[in-house]
Amino acid sequence: MNRSGFQSDPVSRRQFVLQAARATLGVSVLSSGVDAAFGAAEAAPKGVGGRARACIYLFLGGGLSHVDTFDPKTGSTKGARDPISTNVPGIQLGGYMTRLAKQADKLSIVRSMTTTNGVHGPASYLMHTAYAERGTIVHPTLGVWAQHFKGKSHHSLPSSVAIGQGTANAGFFPFAYTPVPISNPEEGLQNARATVPEDRSKRRMNLSNRFDAAFREKYQSAAVKGYTELYDQTVQLLASSDLDAFDLKKESQQVRDRYGRGYFGQGCLLARRLVQSGVRFVEVYSGGWDMHEGLDSRMTTRGGELDQGMAALLEDLKSSGLLDSTLVVLGTEFGRTPDINQNAGRDHHPRVFSTVFAGGGVKGGYVHGATDEGGRGATENPVTVQDFIATVGAAMGLPVSEVVMSPSGRPFTVGDRGKVVADIFV
Amino acid sequence: MEGAVKILNDRGRDGKSLAGQLNNIVGSNTYSISNLSENRMRLPRDYKYKDGSPNEPVDPKLIVWSPSDRRNAAYLQMEKDGKHDPEGLRKRFGAWMTHAQNPRFAMTIANRMWQLAFGVSLTPTVHNLDHPEDSYNPELLRHLATEMVRVKFNLREFLRILYNTRAYQSQATTTELAMGEPYFFQGPILRRMSAEQAWDSFMTLVLGEPDKFKNTETDLYGRSIEMNLLNPRLDSMTVLSKLAAINNIGALERKKVAGGLDKAEMVSQTKAGVEMATTSTSMDETGYLTHGGMMLLRAAELPQPAPAGHFLLQFGQSPRTVVDGGCADGTVPQVLMMMNGRVQEMITNPDSLIFRTMARVASPPDKVEAVFLSILNRRPSLEEKNIVRQELAAHGEEAYADIIWSLINTREFYFVQ
């Protein structure tokens with residue numbers, strides 16, 4: 001792809017100042033390795049977001065049933081379990097969310113989400129990018145947008161990570177912004193372990209540099225230098241303790257059990273470790289939510305994993321003090337039909353569904369929007385997918401109204417001109 | 001569908017659990033192109049350009065770059081027939097687009113071939129040819145378009161011409177082009193190998209002659225699943241035979257695997273007509289080798305796009321979602337893959353062809369020369385020979401694998417000169 005359009009992008013004022021400071025001081029002004037641009041721009045005024053330095057996007061592929069989780073009903077559309085009370089008077093959750101019910105005081109629940117697509121692939125694409133899938137362009141996801149506006153979040157760690165089958169492409173932004181994919185949280189970063197002993201590995205790298213010296217001397221192009229820097233960076237990362245961020249074995253058995261031992265629970269734990277080490281955006285993908293049949297038993301297992309993992313994540317972020325600056329967002333493709341079908345399941349329901357925000361400057365114990373008695377449609381404050389993405393962007397302090405031209409010369413914004421749901425920000 | 005499920009049930013299989021698969025088979029045969037009687041194409045509701053108003057219906061119209069285009073043969077044949085036959089319209093549009101006299105078709109492909117050879121196109125971007133006069137060399141661009149027509153769009157012949165130009169034969173340059181600054185093609189631009197070039201280089205290193213290995217089963221799935229739903233004689237048994245065929249694909253593909261790395265040379269020689277010493281690894285004309293789960297075939301023979309995590313994608317192969325999606329940038333996971341991934345493990349494996357090439361010569365300097373020629377296509381310099389001598393003295397045989405690893409991780413290997 002021709003990405004030359006980006007060479008002319010003006011460096012943001014903030015990055016410019018930072019680069020100038022580095023050049024003058026000769027060293028990074030921060031000792032922890034976390035870049036200044038990682039943080040929220042400035043202390044944001046009330047109600048406009050901007051407090052989330054980092055974001056964890058929990059994405060449920062297949063379509064979460066809103067009626068059984070975050071928008072429970074008592075009438076004819078009620079599922080197998082009764083709604084349960086939470087630690088916030090007046091807010092109830094579905095009967096499968098027993099642990100999250102004890103943390104409702106940390107949640108902003110949006111019950112009036114609505115989407116235009118009821119097909120898995122396109123609906124998932126929309127909930128990641130705010131744009132409809134096209135044959136002519138790939139739209140960037142939020143972590144990539146954030147890197148465009150704020151630069152890298154850490155000197156050696158990636159700025160975005162996609163755990164499970166999360167979206168791992170940079171859209172129309174530079175390839176280097178591609179979220180680092182982690183297919184299995186237990187295994188951590190792919191190819192991080194050398195296939196030979198450490199001293200031999202070092203010897204090989206040294207040998208390579210010596211063989212390559214003449215070439216690098218002769219061809220001093222930006223691309224050649226860029227690769228050499230990338231190798232240096234990678235070698236540095238491998239030698240540094242930063243890499244521990246990817247290693248779940250550094251956590252006690254007890255902590256690991258508390259998140260649940262499945263992919264989703266361990267993914268949440270890995271996301272927490274990454275964010276606390278300086279990664280800005282982590283998507284944790286969970287599949288298996290397309291519950292057309294046998295919903296009760298599948299909600300008991302899958303729903304239980306969601307409840308356990310997300311609750312443990314919020315608990316840990318709270319106790320480490322990171323919750324104020326870390327936004328946790330729960331999203332899915334669409335809702336599920338309030339009426340239970342003949343296979344004791346629920347089908348696709350794009351008309352209305354729920355998403356959940358926590359931490360990162362959003363209100364706790366709060367509900368935005370509402371649905372009718374059966375959970376079939378929104379009765380107040382409908383929120384579109386574009387509004388949703390714009391809201392996450394605003395929470396992260398991204399300039400959601402700023403138009404960015406793709407290399408093909410087309411205008412795009414974070415959330416495709418969606419309206420920020422400022423109501424949920426403190 | 002129901003009949004098929006019933007037959008499965010009668011035969012003691014759980015028909016219901018296979019219903020999903022049956023659904024997929026029938027479903028994937030239901031796609032077809034159909035023509036609408038009305039034109040539903042409209043401008044977007046928020047259209048802001050001056051040449052139309054929001055929601056306005058759009059009539060099919062050919063793009064015109066200059067007034068004289070209308071008299072061009074490509075346009076004339078398009079206008080010959082009426083506009084109200086949608087099936088014919090689609091065909092005529094295709095004919096207009098690929099017509100030798102189309103003002104941009106030959107020029108576009110010529111410009112793209114030039115970019116392939118030189119690393120830079122003749123225009124600031126290969127996507128926009130609206131203004132050939134803005135090209136770095138408009139005369140050259142027009143000449144290349146004429147040449148493309150003259151060789152009747154034979155790309156091999158066209159590239160043969162490009163590769164024989166003095167400009168291409170000149171040394172690669174590292175000129176940094178600022179935005180909008182022209183390039184005068186003092187030589188090709190130094191650039192990183194494409195993902196496909198890198199993968200094919202490795203395939204050459206392990207297979208010797210990678211073109212001898214073909215994947216003839218690329219359309220196996222398509223052929224297995226295809227059936228005509230409009231055929232009145234289509235019955236449950238046909239649907240079931242499709243189900244069986246699809247479930248057999250895995251087994252069929254496994255049959256095509258002829259062995260691992262160590263078989264490369266043997267297979268290669270057999271195919272070249274040399275008698276094979278042993279017949280234990282017999283394979284037919286369509287077989288291929290595997291290593292660590294990777295199909296050892298040229299990029300063009302592999303499924304597109306490559307599966308998640310594959311070398312090709314990590315190295316920047318286009319995920320095939322948009323045009324020109326490939327890229328030559330680096331990422332940390334890509335470097336990690338080059339340092340510690342399966343491909344380097346394969347090349348430094350004693351079963352790899354490069355080790356057997358080394359085994360043919362006796363002296364260490366000859367072995368090292370073979371390694372340098374295989375990977376960098378040049379002999380080691382005096383200084384490099386010294387480095388190698390020290391390595392071999394200090395670490396013995398294992399130094400060879402280290403040298404191979406070191407060379408495939410150099411910029412010299414990554415970049416095309």
Side-chain angles (χ1 to χ4, degrees), chain A residues 1-5 7-8 133-138 156 158 165 168-169 172 174-176 178 180-181 183 189-196 200-201 203-216 218-224 226-228 230-231 233-235 237-238 407-409, chain B residues 124-128 172 174-179 189-192 308-309 316 318-319 321-342 344-345 348 376 380-381 383-384 387 391 395 398 401-403 405-415 417:
Chain A
M1 195 179 293
N2 185 347
R3 291 159 205 267
S4 60
Q7 288 167 5
S8 62
E133 215 170 357
R134 296 234 176 270
T136 48
I137 195 152
V138 179
S156 68
Q165 298 164 52
N169 69 67
F172 55 73
F175 190 56
T178 306
V180 169
S183 47
L189 187 60
Q190 212 190 352
N191 296 323
R193 231 160 293 138
T195 46
V196 293
R200 193 170 169 200
S201 193
R203 209 164 72 218
R204 284 179 166 187
M205 188 47 83
N206 180 29
L207 197 55
S208 185
N209 286 333
R210 289 170 75 191
F211 285 145
D212 210 20
F215 181 86
R216 289 183 211 166
K218 185 171 171 190
Y219 294 105
Q220 299 195 11
S221 77
V224 171
Y227 257 102
T228 302
L230 202 55
Y231 263 85
Q233 233 183 68
T234 307
V235 170
L237 173 67
L238 289 179
S408 53
Chain B
T125 153
V126 79
H127 301 112
N128 189 342
T174 56
T175 314
E176 306 281 343
L177 284 184
M179 280 296 284
I189 275 194
L190 181 80
R191 58 201 186 273
R192 203 210 71 182
S318 167
T321 44
V322 287
V323 174
D324 294 325
C327 106
D329 295 344
T331 62
V332 169
Q334 180 192 99
V335 172
L336 282 172
M337 175 184 74
M338 287 298 287
M339 291 171 63
N340 304 327
R342 277 187 295 184
Q344 62 80 28
E345 185 277 325
T348 55
L376 298 182
S381 68
E383 199 187 334
E384 285 162 339
I387 298 171
E391 285 296 311
H395 306 289
E398 81 173 24
D402 295 343
I403 291 164
W405 186 99
S406 308
L407 293 181
I408 60 172
N409 277 284
T410 56
R411 304 314 91 79
E412 184 171 355
F413 177 68
Y414 271 51
F415 283 81
Q417 292 168 63

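Within every chain, numbering begins at 1; the chains are lettered A, B, ... in the order of the sequence lines, protein sequences first and strands thereafter.
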Under a 4.5 Å heavy-atom cutoff, which of A/Val196, A/Ile137, A/Leu207, A/Asn169 has the most pairs with chain B? A/Leu207
Using the test side chain to side chain donor-acceptor pair (under 3.5 Å), find all partners of A/Ser183 that sit at least two apart in sequence or belong to another chain. none
Please find the pair of heavy atoms, one from A/Leu237 and one from A/Ser156, that lie closest to each other, and give the distance. CD1-OG, 3.7 Å
Sort out for me which of A/Ala194, A/Ala176, A/Ala213, A/Ala214 touches chain B most, counting heavy-atom pairs under 4.5 Å. A/Ala194
Tell me, for B/Gln344 versus chain A, whether the close heavy atoms (under 4.5 Å) come from the side chain, the backbone, both or neither. side chain
Between B/His395 and B/Asp402, a side-chain donor and acceptor under 3.5 Å: no
So which of A/Arg216, A/Gln190, A/Glu133, A/Arg134 has the biggest tally of heavy-atom pairs under 4.5 Å with chain B? A/Arg216
Against chain A, label B/Ala328 side chain, backbone, both or neither, depending on which of its atoms sit under 4.5 Å from a heavy atom there. backbone
One option among B/Asn128, B/Ile403, B/Ile408 has the most heavy-atom pairs under 4.5 Å with chain A, and it is B/Ile403
Which value, rounded to the nearest 0.5 Å, describes the distance between B/Leu376 atom CG and A/Phe215 atom CZ? 9.5 Å
How many angstroms lie between CD1 in B/Ile189 and OG in A/Ser221, if you round to the nearest 0.5 Å? 9.5 Å
What part of B/Tyr414 lies closer than 4.5 angstrom to a heavy atom of chain A: side chain, backbone, both or neither? side chain
Using every non-hydrogen atom in the two residues, find where A/Phe175 and B/Gln334 come nearest and quote the distance to one decimal. CE2-NE2, 4.1 Å
So, using side chain to side chain donor-acceptor pair (under 3.5 Å) as the criterion, who are the partners of B/Glu384 when residues are at least two apart? B/Arg378, B/Ser381
Measure distances from A/Arg200 to the heavy atoms of chain B and classify the residue's part below 4.5 Å as side chain, backbone, both or neither. side chain
Taking the six-membered ring for Trp, are the ring centroids of A/Tyr227 and A/Tyr231 within less than 6.0 Å of each other? no
Choice from A/Val224, A/Leu189, A/Asn206 maximising heavy atom contacts with chain B below 4.5 Å: A/Val224
Side chain, backbone, both or neither: which part of B/Arg411 has an atom under 4.5 Å from a heavy atom of chain A? both
Most heavy-atom pairs under 4.5 angstrom with chain A, which of B/Thr321, B/Leu407, B/Leu336, B/Val332? B/Leu336
Taking B/Glu383, B/Glu345, B/Met339 one by one, which has the highest count of heavy-atom pairs under 4.5 Å against chain A? B/Met339
